[in-house]
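Just so you know, ligand 1 is whichever comes first in the structure, and atom 1 is the first atom listed for that ligand.
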Amino acid sequence: MPMVELFGELKRYVGFGEADEQVLRGLSPLIQHAFQPTAEKFYARVLEHEGARVALQRGERQVGQLKITLVQWMQELFDGPWDPAYVERRARIGRVHVRIGLPQHYMVSAMNLVRRELLFALDGLIHPFSSDAHVALERILDIDLAVMLHTYREDLEAKQVKAERLATFGQLVGSIGHELRNPLGVIETSLYVLKSRQDGDPRTQKHLDRIGQQVHLANDIITQLLDLIRDRPLARQRVELRLLVDDVVASLSHPDTVKLELQLGEAPPPLDGDPVQLRQVLMNLLENAVYAASPTGAVRLSARVVGTETELVVEDSGAGIDPGIAARLFEPLFTTKPKGIGLGLALVRRIVERHRGTITATRSELGGARFTITLPGAHS
Ligand code: HEM
């Protein structure tokens, strides 16, 4: 249900009307003194409780600013106007809590604290306000809580839609993948026949080899796609990083105007992993980096050992990651490329996680994006 409709429905349900609006406006100057102490108690409670405290990602420093926003929020409770913009602001606050992963049960108890403190403050006011004031305040707090809780439902529904979309997509990928295996198999067989009948021209040999390599690559990609939708065990082995990188770089197409710099050190550390999948990781990251750095720029791949792990960094001099999309970067089907399908980084993360590794995206000193992967080394 759209927020504005929900707002109308809630107003009707709790019986919030013009009379309540008038009462709240009348109360506003009389009750303001209670806002700051209520905000103090509110965050003292949050800080006391370890489950709620973790939501304060920037630590206690954040509390000062949050007290100010809470006081503003209380001010709006009493000042209105209780119009569509009001409910949108409330929904936005709710979505902020959903985004930071605050469990919704804290909203209910936090609202109880506010309710208790403000009702208590009302009781200290002179008589004519008391009963109507209680009712009006209870009604608007009920509405605010319902709107904020509704944003959790919105989030759940959005996740369900996404999960369904992914399931459909998974089936589609699965069937396309299987269908492609057949023509590739035919190409492979014909290639075998052609190889046995070739005319000795080295160019023919070169092209037959090239077809063979590309068929192999296409098969690998299908395997990776099927891998994204199913969990397949890794074919782990000791992987020589330099060989892996040489292989990827040989197949990577990039314009001469994009400088590719490799900093693997004297003796690049061996990795413990699935070479086909790790190749895909490097290929996807390097292709993205070249794309971002084009038409003119630089891409750097570096490696170093950190404790028992190997850290691989792929960075570029492109435009960098827009902070607005950073959170969705590794989601399947999310892409900023006009012709992309949004699988590259999702696959990368999936493969890295299967190797019990991590991947993070930050800003590079080259100016663009910097992807840092840590993988267990063969020495660990
Ligand atoms: C009655 C319940 C609550 C109300 C009315 C409320 C109100 C607000 C408001 C007005 C904002 C600013 C939103 C914006 O930037 O647009 C906010 C953000 C925030 N609230 Fe609440 N809050 C409530 C419950 C809680 C609780 C229980 C916690 C527990 C830690 C919490 C933690 C936060 C944090 C961490 C942010 C900042 C998120 C960010 O900007 O990254 N809130 N809240």
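Within the set R90, Q104, R115, H97, the minimum heavy-atom distance to atom 43 (N) of ligand 1 is found for H97. Nearest-residue assignment for atom 8 (C) of ligand 1 (options V108, V96, I93; heavy-atom criterion): I93. Residue nearest to atom 26 (C) of ligand 1, selected from L102, L77, I68: L102 (by heavy-atom distance).
In this structure, R45 has no heavy atom closer than 4.0 Å to ligand 1. At least one heavy atom of M111 sits closer than 4.0 Å to an atom of ligand 1.
Those atoms of ligand 1 with a heavy atom of V46 less than 4.0 angstrom away are 29 (C), 30 (C). Against a heavy-atom cut-off of under 4.0 Å, A110 is close to the following atoms of ligand 1: 2 (C), 27 (C). Ligand-side atoms of ligand 1 in range of M148: 5 (C), range being under 4.0 angstrom from any heavy atom. Within ligand 1, the atoms closer than 4.0 Å to a non-hydrogen atom of W73 are 5 (C), numbered from 1 in the order shown.
Side-chain N or O atoms of S317 include one that pairs as donor or acceptor with a backbone N or O of A298 at under 3.5 Å. Without hydrogens or angle criteria, N288 side chain to L285 main chain gives no donor-acceptor distance under 3.5 Å.
Remark: R90 qualifies as a cation-pi partner of Y86 under the 6.0 Å distance and 45° angle criteria applied to the six-membered ring.
Annotation: side chain of L312 is in contact with side chain of L282 (closest heavy-atom distance under 4.5 Å). L278 is listed as a side-chain neighbour of L375, based on a closest heavy-atom distance under 4.5 Å.
With a heavy-atom cut-off of 4.0 Å, L70 touches ligand 1 through its side chain alone. Heavy atoms of R92 found under 4.0 angstrom from ligand 1: none, in either backbone or side chain. In Q62, the part holding a heavy atom less than 4.0 Å from any atom of ligand 1 is the side chain. Neither the backbone nor the side chain of L145 comes within 4.0 Å of ligand 1, counting heavy atoms alone.
Counted within 6.0 Å of CG on D256, heavy atoms from surrounding residues, nucleotides or ligands total 12 or fewer; the atom is thus considered open.
A donor and an acceptor atom, one from each side chain of E117 and T38, are nowhere located under 3.5 Å apart. No donor-acceptor contact under 3.5 angstrom links the side chains of E76 and Q72, judged on distance only.
A ring-centre distance under 6.0 Å is not found for H97 and Y106.
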